**Student:** 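Following this message is one structure expressed as structure tokens.
Because the structure is a prediction, the values reported are computed rather than measured. Numbers restart at 1 for each chain; the letters A, B, ... are given by sequence-line order, proteins then strands.
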Amino acid sequence: MLLGSRYSEGLLSKMPEKQYNHQQIEEKWHANWEEDPVLYRTPADPTKKFYVLEMLPYPSGRLHMGHARNYSIGDALARFMRMRGYDVLHPMGWDAFGLPAENAALKSGRQPREWTLQNISQMKKGLKRLGFALDWEREVATCEPEYYRWNQWFFLRMYERGLAYRKESLVNWCPQCATVLANEQVVDGCCWRHEGTAVEQRSLEQWFLKTTAYADELLSGIENLAGGWPDRVLTMQRNWIGRSVGAEVDFTIENSTDKLRVFTTRVDTICGATCLILAPEHPKAQELVGSEGQARLKAIVDDQGRKDPSSIEKDGFATGRFAINPFNGARTPIWIGNFVLMGYGTGAIMAVPAHDERDFEFCTKYEIAITPVVKPAEGELTLPFTEYGISFNSGEFSGLPTAEARKTMAALAETKGFGKAAITYRLKDWGVSRQRYWGTPIPMVHCATCGVQPVKDEDLPVLLPLDVEITGAGESPLARHESFWKTTCPKCGGPGRRETDTMDTFVDSSWYFYRYCDPHNNTQPFDPKVIAQWFPIDQYIGGVEHAILHLIYSRFWTKVMRDLGLITNDEPTKKLFTQGMVLKDGAKMSKSLGNIVDPEELVTEFGADTCRLYVLFAAPPDKDMDWQQTGVEGQYRFLGRVYRFVTRNADRLSGPVGELSAQDKRALRKLHQTIAKITQDFEQRWHFNTCIAALMELTNELYLCEEGLTAAALPEILKSLIQLLEPFTPFIAEEMWEEIGLTGPVFSHPWPEVNPKHLIEEEAEIPVQVNGKLRGKIVVPTGATSEVLEATAKADEKIAAFLAGKEVVKVIVLAGKLVNIVVKG
RNA sequence: GCGGAGAUGGCGGAAUUGGCAGACGCACUAGCUUGAGGUGCUAGCGGGUAACACCGUGCAGGUUCAAGUCCUGUUCUCCGCACCA
């Protein structure tokens with residue numbers, strides 16, 4: 001009991017207010033929810049389904065603020081949709097394979113699985129402590145055989161269809177990770193996990209998944225995602241796929257039967273090609289440069305500076321050899337150029353310096369001929385001219401508009417057999433082999449007689465052995481684990497050696513959200529009928545850092561599964577929301593900067609409700625937010641204000657119900673405005689920061705009206721207030737719900753409806769402008785006509801002063817909104 | 001270089017459709033509460049002025065009765081891509 005309270009001797013029979021004790025309240029409801037897991041169970045046969053999903057976390061052992069933010073957004077939506085009558089699927093799992101477990105093993109000798117499972121249990125506690133309404137009966141950990149056996153199963157299906165294949169290729173090798181990286185995992189020439197560690201090129205036999213088989217569909221599908229996905233993610237994907245339409249043309253090498261194939265988007269400029277330039281890694285480069293060129297060639301290949309295109313100077317040398325232009329027979333020198341990429345097109349280009357800036361730069365530097373073959377339709381030709389125009393100097397094609405020449409010339413090349421129209425993608429097939437232990441074993445066997453053979457379905461899963469020694473040096477631990485790799489060939493039964501590479505962990509996250517629908521199925525990855533009930537995901541929420549990696553791979557996987565006949569949806573998710581980062585002092589929270597705020601510490605000090613409220617309040621969810629500790633305290637104070645208000649008014653609910661008092665009306669009006677605002681925001685823009693601001697305004701209003709509130713309005717006000725808080729602060733909401741004598745859980749009750757009756761005001765305050773500047777305000781009855789508004793405005797003392805001696809030119813009246821009087825003189 | 005997002009008080013941010021700029025919170029100030037401190041409650045809080053006037057949404061123009069919002073140009077910041085032939 002607080003003697004200091006101003007209500008302790010109040011006129012009304014108010015209960016003494018209670019102080020907000022977050023610890024007591026949250027412990028109580030946490031325990032309560034733990035005892036009753038059915039509370040969050042997903043309905044079995046959804047009629048009005050809503051699948052809300054947040055990206056699954058890597059179980060590092062600790063939650064960070066990014067998680068708290070991501071899951072607070074998703075949980076608010078999940079609770080709201082549930083209150084709106086939807087059958088909500090809101091699951092959670094663990095992206096549990098990956099390198100950190102092996103590093104932990106090295107450092108502390110912990111077995112990776114044991115380390116991972118302990119982290120999972122710790123983080124699960126953290127998520128529960130934050131009160132997220134998740135269906136834990138559907139939890140999935142990707143490191144468990146029940147899950148990864150289906151990675152293997154899918155791999156076999158892809159292998160059967162030629163979508164998984166093995167080839168020797170130049171791969172990105174991170175010396176720190178001692179493994180291969182996918183193109184997507186190389187950032188600025190360095191490893192995505194080890195900034196500053198340059199990625200090396202090595203030639204290795206690798207497994208690939210044929211993402212390029214779906215390149216066109218991955219690209220065209222982007223159009224259907226527009227509106228539901230952020231534009232910038234779609235742009236990033238479009239650029240990543242990088243489709244370009246052009247032609248491939250063969251140049252015959254002089255004094256040789258061999259040919260050089262180039263890719264160009266501007267075959268119309270081929271008569272202006274004054275040299276061919278090969279990437280230094282081009283397979284024919286070594287031969288063409290001859291013995292005297294080897295040293296220069298190697299110097300260019302090894303030049304690390306090539307990774308940074310902004311600072312690199314174009315460099316190269318002539319091989320001394322020539323090729324013949326198939327269109328005009330021109331003898332064209334063959335060069336090596338450091339700016340030509342082996343990984344794009346054919347690794348060889350025809351340089352047309354007159355019509356390409358890069359070629360112009362290169363050819364100017366080395367004084368190679370520059371021959372213009374396109375001129376603008378109007379005006380002077382200035383080089384380099386890269387636009388479309390009219391061809392000239394191009395034999396029979398001279399005079400043709402460029403766009404037309406492109407087509408005709410590609411067609412001619414095809415008929416004559418020295419080229420063809422071609423489409424090139426920047427997207428490469430997905431290299432999935434990793435020389436690591438803690439991942440899904442690739443279900444293949446190498447046999448001396450039969451070659452590479454797939455493991456039979458009935459022998460799945462290929463279990464990852466747990467008794468391994470992790471040394472961090474040399475080969476993968478699996479390659480040293482004889483009882484793992486020693487096996488028999490599935491075809492001939494002879495001695496075989498298992499593939500000891502494991503799969504990239506992005507495989508795990510490419511389809512996990514399907515498994516959530518049917519997580520305990522042990523005869524197939526999932527029952528297609530169940531998928532049909534829940535897919536596509538209605539709302540996916542996560543960080544923008546996954547815009548290309550995870551989000552392209554999972555789109556690819558969905559298309560493969562569809563073509564396997566397992567699902568019918570073309571895309572995994574209709575809507576994607578990318579939340580902003582959590583910053584502190586203008587920088588991303590990180591260990592190295594020492595600016596981490598630990599959600600669990602925050603929960604201990606202020607409670608989960610305050611933590612959730614603050615991450616939503618500090619900025620709109622899609623924007624980066626800057627952490628301010630004092631801001632957290634403000635949220636805590638707000639919850640205290642609400643709590644004291646509800647508890648001290650709880651026993652006024654059952655008084656005699658009479659007419660609504662003026663304060664009742666005022667409070668109800670504010671309440672219903674708030675309901676309308678928050679409902680609309682959930683449906684449209686997700687500006688939860690303003691929703692919380694609206695709840696604060698409502699609370700402030702209730703404080704001001706408090707003395708005059710009666711039992712005619714209070715029950716509705718308190719009940720709705722609690723419901724409006726429920727998506728954001730479930731613990732305190734549940735506690736207050738009980739305090740006012742209602743039966744929970746709060747989210748099982750329907751979301752409050754706006755009653756327009758309460759929104760009506762008897763009088764309206766209308767701003768009055770003179771020449772567009774605010775000069776006063778008038779109070780008129782609601783619904784007053786334009787004439788009344790104008791007359792009242794002109795009659796207003798303040799306004800009249802501004803009008804005195806001037807001529808009224810025009811009066812703009814927006815009924816119910818504004819009056820603007822235009823004067824002159 | 002290309003593409004995208006943004007620039008609003010001391011700070012985080014609001015203004016959804018061109019219609020009262022600065023909601024809400026933080027910080028700060030005052031009054032009340034308190035033995036004091038803290039808490040709590042009430043109020044003030046863009047600059048400027050005694051009060052008005054006036055000035056004010058990165059900068060310069062424009063459209064409009066009316067512009068943070070639309071148009072043109074420009075600067076800066078962040079993000080993504082980057083010799084993709």
Side-chain angles (χ1 to χ4, degrees), chain A residues 2-7 17 19 188 230-236 238-240 242-244 246 262-266 269 277 279 306 308-310 312 314 337-341 343-352 355-359 361-362 386 424-426 544-545 547-548 580-581 586 613-614 617-620 622-635 637-638 640-641 644 677 680-681 684-685 687 689-700 703-704 765-777 809-812 814 817-823:
Chain A
L2 287 149
L3 296 173
S5 164
R6 74 184 173 118
Y7 293 102
E17 64 186 21
Q19 288 300 296
D188 292 332
D231 285 339
R232 67 173 175 149
V233 172
L234 297 179
T235 306
M236 284 163 77
R238 219 176 264 125
N239 292 341
W240 189 262
R243 180 181 198 262
S244 61
V262 301
F263 174 76
T264 178
T265 54
R266 292 292 303 272
T269 63
I277 311 176
R306 288 176 70 204
D308 179 8
S310 61
I312 186 184
K314 289 193 175 38
N338 66 343
F339 68 101
V340 178
L341 305 173
Y344 185 76
T346 62
I349 63 162
M350 58 176 211
V352 185
H355 305 295
D356 182 283
E357 280 172 32
R358 298 154 300 180
D359 300 345
E361 191 187 331
F362 187 82
T386 60
T424 292
Y425 297 93
R426 210 187 84 115
V544 74
E545 63 273 19
I548 34 190
M581 284 188 300
L613 202 61
Y614 182 66
F617 179 75
D622 58 318
K623 297 267 176 14
D624 290 349
M625 63 173 280
D626 202 57
W627 192 269
Q628 293 194 335
Q629 195 64 29
T630 50
V632 177
E633 288 156 26
Q635 305 310 302
R637 275 195 285 250
F638 164 64
R641 257 167 91 75
R644 291 191 303 273
K677 192 248 176 310
Q680 193 194 358
D681 241 304
Q684 290 168 22
R685 17 170 252 171
H687 280 203
N689 55 330
T690 63
C691 292
I692 294 163
L695 285 164
M696 291 172 170
E697 282 187 61
L698 171 61
T699 305
N700 292 345
Y703 265 65
L704 297 177
E765 194 186 51
I766 306 291
V768 181
Q769 299 177 333
V770 178
N771 285 347
K773 286 187 181 174
L774 182 71
R775 295 302 186 190
K777 290 181 181 181
V809 179
K810 196 172 174 183
V811 180
I812 289 122
L814 277 100
K817 274 204 152 175
L818 170 126
V819 178
N820 185 15
I821 302 170
V822 186
V823 297

**Student:** What integer number of Å spans the P atoms of B:A27 and B:G4?
**Tutor:** 40 Å
**Student:** Is any side-chain nitrogen or oxygen of A:R426 closer than 4.0 Å to OP1 or OP2 of B:A82?
**Tutor:**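 A:R426 to B:A82 OP1/OP2: side-chain N or O found under 4.0 Å.
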**Student:** For nucleotides B:G46 and B:A53, find the distance between their P atoms and express it as a whole number of Å.
**Tutor:** 15 Å
**Student:** Would you tell me whether A:N239 and A:R426 have side-chain atoms, one donor and one acceptor, within less than 3.5 Å of each other?
**Tutor:** no
**Student:** Provide the distance between the two C1' atoms, one in B:C24 and one in B:U8, to the nearest whole Å.
**Tutor:**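 Each nucleotide's C1' atom is 15 Å from the other's.
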**Student:** Could you measure between the two C1' atoms, the one in B:C78 and the one in B:G9, and give it in whole Å?
**Tutor:**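 The same atom, C1', in both gives a distance of 22 Å.
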**Student:** Taking 4.0 Å as the cut-off, does a side-chain nitrogen or oxygen of A:R685 come that near to OP1 or OP2 on B:U17?
**Tutor:**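 No, no such contact exists.
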**Student:** In whole angstrom, give me the gap between the P atoms of B:G37 and B:U29.
**Tutor:**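 Straight-line distance between the two P atoms is 13 Å.
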**Student:** B:G1 C1' sits how many Å from A:F339 CZ, rounded?
**Tutor:** 16 Å
**Student:** Could A:K314 and A:F339 be counted as a cation-pi pair, given that NZ or CZ must be under 6.0 Å from the ring centre and within 45° of the axis?
**Tutor:** yes
**Student:** Does the protein touch nucleotides 60-66 of chain B at the base, only the backbone, or not at all? Give it as B, S and - per nucleotide, heavy atoms under 4.0 Å.
**Tutor:** -----B-
**Student:** Tell me what A:D231 touches on the nucleic acid: a base, only sugar-phosphate, or nothing, going by heavy atoms under 4.0 Å.
**Tutor:**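 Counting heavy atoms under 4.0 Å across all strands, no contact is made by A:D231.
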**Student:** Contact class for A:R775 (heavy atom, under 4.0 Å): base, sugar-phosphate, or nothing?
**Tutor:** sugar-phosphate
**Student:** What pattern of brackets, bars and dots sums up RNA chain B from 5' to 3', given Watson-Crick or G-U wobble pairs under 3.5 Å, [ ] for crossing pairs and | for another strand?
**Tutor:** (((((((..(((......[....))).(((((.......))))).((......))..(((((..]....))))))))))))....
**Student:** Could you tell me how far B:G68 sits from B:A21 if I compare only their P atoms? Round to whole Å.
**Tutor:** 8 Å
**Student:** Across the strands shown, which category fits A:E361 at heavy-atom distances under 4.0 angstrom: base, sugar-phosphate, nothing?
**Tutor:** nothing
**Student:** It should be established whether A:T235 places a side-chain nitrogen or oxygen under 4.0 Å from OP1 or OP2 of nucleotide B:C81.
**Tutor:** no
**Student:** Please state how far atom CZ in A:F638 lies from atom P in B:C41, giving the value in whole angstrom units.
**Tutor:**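 Whole-Å distance recorded here is 12 Å.
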**Student:** What interatomic distance, in whole Å, is found between C1' of B:A23 and the corresponding atom of B:U34?
**Tutor:** 32 Å
**Student:** Please report the shortest heavy-atom distance between A:T264 and A:M350, naming the atom on each side.
**Tutor:** OG1-CE, 3.7 Å
**Student:** Suppose you measure atom P in B:U64 against the same atom in B:G13; what distance do you get, rounded to whole Å?
**Tutor:** 35 Å
**Student:** Can you measure A:R232 atom CZ to B:C78 atom P for me and round it to whole angstrom units?
**Tutor:** 15 Å
**Student:** Using only side-chain N and O atoms of A:R238, determine if any of them is under 4.0 Å from OP1 or OP2 of B:G3.
**Tutor:**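 A:R238 to B:G3 OP1/OP2: no side-chain N or O under 4.0 Å.
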**Student:** Applying salt bridge (Lys or Arg N to Asp or Glu O under 4.0 Å), name anything that partners A:D681, two or more places apart in sequence or on another chain.
**Tutor:**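 In terms of salt bridge (Lys or Arg N to Asp or Glu O under 4.0 Å), with neighbours along the sequence ignored, A:D681 is linked to A:K677, A:R685.
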**Student:** How many Å lie between NZ on A:K773 and P on B:C20, as a whole number?
**Tutor:** 16 Å
**Student:** Over how many whole Å does the gap from A:I692 atom CD1 to B:G13 atom P extend?
**Tutor:**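 Between P of B:G13 and CD1 of A:I692: 14 Å.
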**Student:** Looking at every strand, decide which applies to A:K314 at a 4.0 Å heavy-atom threshold: base, sugar-phosphate, or nothing.
**Tutor:**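 The residue A:K314 makes base contact.
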